[in-house]
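Notes for the one structure printed next.
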There are 2 protein chains.
Amino acid sequence: MISQAEENYLKAIFKIAEKENRAVSTNAIAVLMQTTPASVSDMLRRLSDKNLIAYEKYRGVQLTEAGKQVATELIRRHRLWEVFLVEKLGFSWDEVHDLAEQLEHVQGPSLIERLDAFLDYPRYDPHGDPIPDADGLWVFRAQILLSDLKTGQRGVITGVQEHSSAFLQYLAQMGLTLGAVLELLERIDYDQSVRVRMYDTRELMLSEKVCKNLFLMIENA
Amino acid sequence: MISQAEENYLKAIFKIAEKENRAVSTNAIAVLMQTTPASVSDMLRRLSDKNLIAYEKYRGVQLTEAGKQVATELIRRHRLWEVFLVEKLGFSWDEVHDLAEQLEHVQGPSLIERLDAFLDYPRYDPHGDPIPDADGLWVFRAQILLSDLKTGQRGVITGVQEHSSAFLQYLAQMGLTLGAVLELLERIDYDQSVRVRMYDTRELMLSEKVCKNLFLMIENA
DNA sequence: AAAAATATTTAGATTTGCCTAAAAATAAAT
DNA sequence: ATTTATTTTTAGGCAAATCTAAATATTTTT
């Protein structure tokens, strides 16, 4: 039996390992989970006992295959529930994280498979993050940050780097939703802010911070 | 803050109080929750400290208004999730209890109101049990047990007394689902089993045990 | 009304998950 | 290569929720 707390640690370790490609440090986990390194140490011992992580004292941790599977399944559940909350219940994309955080821990045979079918097997969640399939596999998308887009290039918004509700609300208000088409008109040297055209019509200015948190796929047309 | 364990105790007390109309005993709670009387005693002290129950040592407990509200809201959530699982995800009525038991504890603003709307404000769950509305109110139905039906009377199946999956599966297999029309042809004195006609066509025999667990509304036509 | 049976509570432990403070190991800086 | 700083672990405690065993109330039986 894996407790909810244990599940949350595995997910956190997975998410950190996704970005950095070395063993995950106790501290990094503590920061992400908003707890103390001491508590993390405690939990790492337990997870190691259950063979969900490979743990060498003072050397950080890596997920075992078993641990990776648990984490991936959790991410799958989380993202499917987010789709449900947005598509079926009408929540906005900035409201669903905390609910999905709870729903992902609901256990039961065939629940997630049925939910997946009910939602018509979505490949991405409301934030553009890919949803692992029943085997834990997901597609990789060649998306780049708006901050890496060259002047003159056009792209479609496909996701966000930051998931804070403040950022998500701002984007929604500006009409910067998934699928929106942007053309980079100009990058201002002074502060790295940009001037973009949306859907070939409206022009708007976006700060460097926004650019560093917005993913696009370049239109090859 | 009310923990999940506390919520479950409140619900159990509510359910026992529904049937017996006296103070609920420690033992009855222990039996329903499949735990020891000692654990129940412990929890009753905590619930009493939070003014969710009125508790006199050795004299049993009653829910306070606050406790009743929590219990009712839980029942509302449980039954709405059951409707979702059956109507939207295609589970059968004998599979949904344990899942709803987990889902009912998910907390978040407007979740249940949105779910209710999505399901089109159902008044009954898949077992025929009434769903409290947002104010905690529900309609009372004048249903009687098949064991109390008189020979010659006709009725529509509206609910079950027992909720075990064995019983629910048996009923489904026999076609004895909600809405089915039964006419009591004969009650056998020897073992109180009955002969009934279903939808004016098929005849079948039902044991006393089945009769004591099947609710019907008499057709006034 | 006293004895026996049953129900309930208290006492003492255990597990999980967290905390703070102190100790130990590793990394960085001089 | 020491010293300093940072990171990580250990030690000791705490609260929630459970358990078993023992003590205490209440109810039932005689």
Side-chain angles (χ1 to χ4, degrees), chain A residues 1-13 16-17 19-63 67 70-71 74 98 101-102 104-107, chain B residues 1-13 16-17 19-63 67 70-71 74 101-102 104-105 107:
Chain A
M1 202 57 233
I2 301 175
S3 73
Q4 285 193 202
E6 288 168 340
E7 285 186 337
N8 286 333
Y9 272 96
L10 293 172
K11 204 175 55 157
I13 294 165
I16 297 165
K19 299 192 179 162
E20 318 166 18
N21 37 339
R22 49 194 154 89
V24 174
S25 78
T26 302
N27 235 6
I29 301 168
V31 169
L32 184 60
M33 311 254 326
Q34 307 201 74
T35 182
T36 61
S39 300
V40 176
S41 264
D42 226 37
M43 182 56 91
L44 294 184
R45 190 179 34 71
R46 270 195 292 275
L47 291 173
S48 186
D49 290 347
K50 293 191 178 181
N51 291 311
L52 294 164
I53 59 172
Y55 176 39
E56 248 191 294
K57 277 183 193 175
Y58 294 101
R59 300 276 131 178
V61 295
Q62 278 185 303
L63 292 179
V70 172
L74 270 173
D98 290 350
E101 205 71 13
Q102 299 174 63
E104 73 188 14
H105 296 292
V106 174
Q107 311 261 359
Chain B
M1 204 56 237
I2 300 174
S3 73
Q4 289 197 14
E6 288 168 339
E7 285 187 339
N8 286 333
Y9 272 96
L10 291 173
K11 205 176 55 156
I13 294 166
I16 297 165
K19 297 191 181 161
E20 318 166 17
N21 36 339
R22 48 194 155 89
V24 173
S25 77
T26 302
N27 235 5
I29 301 168
V31 169
L32 185 58
M33 309 253 328
Q34 309 204 72
T35 182
T36 61
S39 302
V40 176
S41 264
D42 230 37
M43 182 55 91
L44 294 184
R45 190 178 35 69
R46 271 194 292 275
L47 292 174
S48 187
D49 290 348
K50 294 191 177 182
N51 291 311
L52 294 164
I53 59 173
Y55 176 39
E56 251 191 294
K57 278 184 190 170
Y58 293 101
R59 299 277 131 173
V61 295
Q62 277 185 302
L63 293 180
V70 172
L74 270 172
E101 206 71 16
Q102 299 173 65
E104 72 188 10
H105 296 292
Q107 309 263 358

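In what follows, every heavy atom counts, from backbone to side chain, and hydrogens, waters and symmetry copies are set aside.
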Each nucleotide of nucleotides 4-14 of chain D classed B (base within 4.0 Å of a protein heavy atom), S (only sugar-phosphate) or -, in 5' to 3' order, makes ---SBBB----
**Message:** Run A:Leu63 and A:Val70 through side-chain contact (heavy atoms from CB on, under 4.5 Å) and show every step you take.
**Reply:** CA-CA 10 Å; A:Leu63 292 179; A:Val70 172; over 6 Å; no
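Under the side-chain contact (heavy atoms from CB on, under 4.5 Å) criterion, A:Ala5 pairs with A:Ser3, A:Met43, not counting sequence neighbours. For B:Glu101, the side-chain contact (heavy atoms from CB on, under 4.5 Å) partners at least two apart in sequence or on another chain are B:Asn8, B:Lys11, B:His78, B:His97, B:Glu104. In terms of the side-chain contact (heavy atoms from CB on, under 4.5 Å) criterion, residue partners of A:Gln107 (sequence neighbours excluded) are, by chain and number, A:Glu7, A:Arg77, B:Gln102.
Rounded to whole angstrom, the span from the CZ atom of B:Arg22 across to the P atom of C:dA7 amounts to 12 Å. In this structure, B:Asp49 places its CG atom 12 Å from P of D:dA17, rounding to the nearest Å. What separates CD of A:Gln4 from P of D:dA16 is a distance of 18 Å, to the nearest Å. Atom NE2 of B:His105 is separated from atom P of D:dA17 by 12 Å (rounded to the nearest Å). Rounded to whole angstrom, the span from the CE atom of B:Met1 across to the P atom of D:dA16 amounts to 13 Å.
Contact check, A:Arg46 against C:dT16: no side-chain N or O comes under 4.0 Å of OP1 or OP2. Applying the 4.0 Å criterion to OP1 and OP2 of D:dT18, one finds that B:Tyr9 has a side-chain N or O inside that range. OP1 and OP2 of D:dT20 both lie 4.0 Å or more from every side-chain N or O belonging to B:Thr36.
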Enumerate the protein-to-nucleotides 3-5 of chain C contacts in which both atoms are nitrogen or oxygen and the separation is below 3.5 Å.
none

Between side-chain atoms of residues 48-62 of chain B and protein atoms elsewhere (two or more places apart, or another chain), which donor-acceptor pairs fall under 3.5 Å?
{"from": "B:Lys50", "atom 1": "NZ", "to": "B:Met1", "atom 2": "O", "distance (Å)": "2.8"}
{"from": "B:Lys50", "atom 1": "NZ", "to": "B:Glu6", "atom 2": "OE1", "distance (Å)": "3.0"}
{"from": "B:Lys50", "atom 1": "NZ", "to": "B:Glu6", "atom 2": "OE2", "distance (Å)": "3.0"}

Please list, one pair per line, the donor and acceptor atoms closer than 3.5 Å that link side chains of residues 22-36 of chain B to other protein atoms, with sequence neighbours excluded.
{"from": "B:Ser25", "atom 1": "OG", "to": "B:Ala28", "atom 2": "N", "distance (Å)": "3.1"}
{"from": "B:Thr36", "atom 1": "OG1", "to": "B:Ser39", "atom 2": "N", "distance (Å)": "3.3"}
{"from": "B:Thr36", "atom 1": "OG1", "to": "B:Ser39", "atom 2": "OG", "distance (Å)": "2.9"}

